[in-house]
Enquirer: 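Below are the structure tokens for one structure; questions will follow.
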Amino acid sequence: MTTHILPVTPDSLAWAKELIAEGEVVAFHTETVYGLGADAANDDAVRKVFALKGRPADNPLIAHVHPDYDISRLVETPAWTACLREKFLPGPLTMVYPSKGRVSAFVSCGLPTLSIRVPSSPVAQAFLRAVDCPIAAPSANRSKHVSPVTAQHVYDDFAGEIPLILDGGACSGGIESTVLDCTGNVPLILRAGLVTREMVAQEVGACEYYTLHDGEKPRSPGMAYRHYAPSCRTAFFAADDVQGAVRCYLAEAGRGGAPVLLCEHAAAAALPECRSLDLGSTPEEMASNLYAHLRTGERTASLLIGIEPKGRGGVMAGVRNRLLRAFGQNAGSDHET
Ligand code: AMP
Ligand code: MG
């Protein structure tokens, strides 16, 4: 199979619609990361997404719809959730609701809930309007690999295995959507992202991070897996151990390797003699650069050396969670920060 990378045109949208109707999988740009989409009502198409990614069968997918799609066809929407949709959608917020069971049971892996996202990307919206049905889509990367923020990243993981990537250039947000459990009386953040705990709490009075207690079944199964891992060797140093990172860098260079630092701007600027991938200064810049830098790092470094950024809270909760997990650090309780 040839994999085509196409911009949104009447022709590419007509083809995307045909492919989805035939049970095929189409990758598409969103404002967070690229998605790998299939008709959410088609069991075989949804299973194909799991198979392509090598995704564990208990890690549910998000149903994507356009802004005019009536989500009450799919889920129960508690009254208190309306102001969140009003404020944050379309945008990088996924809301988990009680499901009405109208899509394939494989989307939610048998859970009684369904997560729904309304992307703001014009490419995603054009695609979702063209098909006019819920599209089940995880990030368009092989399971556990770094999420894709360009069409080329999707191509690198799935060339020859999917027919079409709808190209919208680089994803501006850079990290996956915030996943918010809206099935109780207080919203719970299952995955941190650009819509922060503080922003949600401002709208509805309260918002907590979901934390997994020992022996409990995770409410968001994806939390249990190592994610976002670059394919090269890695090392990681705390924000207060820059000297350790430098020693590690020099040792690798001394062995004839090609070490690269991945760190925030202040650290990169303080170490001009080291090759580094500069994440930037603001939390939004760091989110936007993170996955592209991890992919560049794995292509160009023999050893990618991460240095923990100093910031905490807000968007940094999402950035730190991805970064720590990419470097195999335990980010389980990192939500607290
Ligand atoms: P990805 O598709 O790779 O962005 O991952 C989707 C994330 O949303 C994973 O962490 C899932 O565990 C989570 N998720 C999707 N649907 C649900 C659901 N119904 N309940 C809880 N978490 C969900
Ligand atoms: Mg993913």
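Numbering of ligands and ligand atoms starts at 1, following listing order. All figures in this text were calculated on a predicted structure; none of them were measured in a lab. Excluded from the calculations below are hydrogen atoms, water molecules and symmetry mates; all remaining heavy atoms, backbone and side chain alike, are included.
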Enquirer: Among Arg142, Lys53, Lys48, find the residue that satisfies the salt bridge (charged side-chain N to carboxylate O under 4.0 Å, His left out) test when tested with Glu161.
Expert: Arg142

Enquirer: If you measure from the Lys or Arg side-chain nitrogens to the Asp or Glu carboxylate oxygens, is any gap between Lys310 and Asp240 under 4.0 Å?
Expert: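 No.
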
Enquirer: Within 2.8 Å of the Mg ion (ligand 2), is there any N, O or S atom belonging to Ser139?
Expert: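 It does: Ser139 brings an N, O or S atom closer than 2.8 Å to the Mg ion (ligand 2).
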
Enquirer: Would you call Asp157 and Arg295 a salt bridge, using N to O less than 4.0 angstrom?
Expert: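 Looking at Arg295 together with Asp157, the answer is yes, because their closest N to O distance falls below 4.0 Å.
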
Enquirer: Can Gln152 and Asp156 be counted as having a side-chain donor-acceptor contact under 3.5 angstrom?
Expert: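 Looking only at side-chain atoms, Asp156 and Gln152 do form a donor-acceptor pair, the distance falling under 3.5 Å.
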
Enquirer: Give the numbers and elements of all ligand 1 atoms closer than 4.0 Å to a heavy atom of Val179.
Expert: 8 (O)

Enquirer: Taking 4.0 angstrom as the limit, do Arg233 and Glu252 come out as a salt bridge?
Expert: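 Salt bridge present between Arg233 and Glu252.
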
Enquirer: Return yes or no for this condition: an N or O of Glu176 is under 3.5 Å from an N or O of ligand 1.
Expert: no

Enquirer: For Val33, which part has a heavy atom under 4.0 Å from ligand 1: side chain, backbone, both, or neither?
Expert: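 Looking at Val33 and ligand 1, no heavy atom falls under 4.0 Å.
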
Enquirer: Using a 4.0 Å heavy-atom cut-off, say whether Thr113 meets ligand 1 through its side chain, its backbone, both or neither.
Expert: both

Enquirer: Below 4.0 Å, non-hydrogen atoms only: which portion of His64 touches ligand 1? Side chain, backbone, both or neither.
Expert: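 Neither part.
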
Enquirer: Using 4.0 Å as the upper bound for N to carboxylate O, is an ion pair formed by Glu176 and Arg117?
Expert: no

Enquirer: Taking only heavy atoms of Leu190 into account, list the atoms of ligand 1 that are under 4.0 Å away from them.
Expert: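 Per the distance check, 21 (C), 22 (N).
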
Enquirer: Please could you name the atoms of ligand 1 that Ile62 approaches to less than 4.0 Å, counting only its heavy atoms?
Expert: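 Here the atoms of ligand 1 in question are 6 (C).
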
Enquirer: Which is closest to atom 6 (C) of ligand 1 by heavy-atom distance: Lys53, Arg117, Arg55?
Expert: Arg55

Enquirer: Which of the numbered atoms in ligand 1 are under 4.0 angstrom from any heavy atom belonging to Asn59?
Expert: 9 (C), 11 (C), 12 (O)

Enquirer: Examine the proximity of ligand 1 to Leu61 and report which part, side chain or backbone, both or neither, has a heavy atom under 4.0 Å away.
Expert: backbone

Enquirer: Is the side chain of Tyr228 donor-acceptor paired with the backbone N or O of Leu324 at a distance under 3.5 Å, no angle test?
Expert: no

Enquirer: For atom CD of Glu86, is the number of surrounding heavy atoms from other residues, nucleotides or ligands below 6.0 Å larger than 12?
Expert: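 No.
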
